[in-house]
J.: 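Below you will find the structure I want to go over with you.
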Amino acid sequence: ALDNQDYPAYLRLTQKMDSIRPNSPVILQHLVQALAYNQQEEATLNYLEKLFLINPDSSILQSAAFKKFPQSTRYQAIKD
């Protein structure tokens, strides 16, 4: 789904994976990206905070999903 830029399908798949295996850092990374690609800012930030509590590696923010992501105060606080 991601290779074809079918972001709604990517989101559905990652949400399903997260329901099967919640709190998996790898799945959370994909879910955060899928939410960002689908411009779901609030959910993206909520899951990004959760991901950083489990794994504080900020390399995910280099993903193409965050290139056009709104640079809100909350996003900056999470990022820093």
J.: Step by step, would you call Arg74 with Glu49 a side-chain contact (heavy atoms from CB on, under 4.5 Å)?
T.: CA-CA 10 Å; Arg74 183 173 173 212; Glu49 286 179 326; 2.8 Å; yes
J.: Once rounded to the nearest 0.5 Å, what's the spacing between atom CG of Asn55 and atom NZ of Lys50?
T.: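 Those atoms lie 14.0 Å apart.
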J.: As an exercise, state the distance from CD of Gln29 to OG of Ser59, rounded to the nearest 0.5 Å.
T.: 6.5 Å
J.: Ser72 and Glu41: side-chain contact (heavy atoms from CB on, under 4.5 Å), yes or no, with the steps?
T.: CA-CA 9 Å; Ser72 66; Glu41 183 178 357; 3.5 Å; yes
J.: Could I get the full list of ring pair (Phe, Tyr, Trp, His ring centres under 6.0 Å) partners for Tyr37, not counting sequence neighbours?
T.: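 Residues passing ring pair (Phe, Tyr, Trp, His ring centres under 6.0 Å) with Tyr37: Tyr7.
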J.: Knowing that exactly one of Leu13, Asn23, Ile27 qualifies, which makes a side-chain contact (heavy atoms from CB on, under 4.5 Å) with Asp18?
T.: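 That would be Ile27.
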J.: Return the minimal non-hydrogen interatomic distance between Ser63 and Gln33, and the atom names on each side.
T.: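 Shortest heavy-atom separation between Ser63 and Gln33 comes out as OG-OE1, 3.1 Å.
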J.: Please identify each residue that fulfils side chain to side chain donor-acceptor pair (under 3.5 Å) with Asn38, with sequence neighbours left out.
T.: none
J.: Set out, in order, the CA-CA distance, both residues' side-chain angles and the distance that settles side-chain contact (heavy atoms from CB on, under 4.5 Å) for Lys68 and Gln39, then state yes or no.
T.: CA-CA 9 Å; Lys68 296 180 181 176; Gln39 302 172 345; over 6 Å; no
J.: For a quick test of reading the model, state the closest non-hydrogen atom pair linking Thr14 to Ala34 and the distance between them.
T.: OG1-CB, 3.5 Å
J.: Using a 4.5 Å cut-off on heavy atoms from C-beta on, say whether the side chain of His30 contacts that of Tyr10.
T.: yes
J.: Output yes when a side-chain donor or acceptor of Ser24 lies under 3.5 Å from a complementary backbone atom of Arg21, and no otherwise.
T.: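 Checked: no pair found.
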J.: Quick check on Gln40: does its CD atom have over 12 non-hydrogen neighbours (other residues, nucleotides or ligands) under 6.0 Å away?
T.: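 Yes, the 6.0 Å shell around CD holds more than 12 heavy atoms from other groups.
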J.: Using a 4.5 Å cut-off between side-chain heavy atoms of Ile, Leu, Val, Met, Phe, Trp and Tyr, which other residues end up in the same hydrophobic cluster as Leu35?
T.: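 Members other than Leu35 - counting any ILVMFWY side chain reachable under 4.5 Å - are Leu11, Leu28, Leu31, Val32, Leu45, Tyr47, Leu48, Leu51, Phe52, Ile54, Ile60, Leu61, Phe66, Phe69, Tyr75, Ile78.
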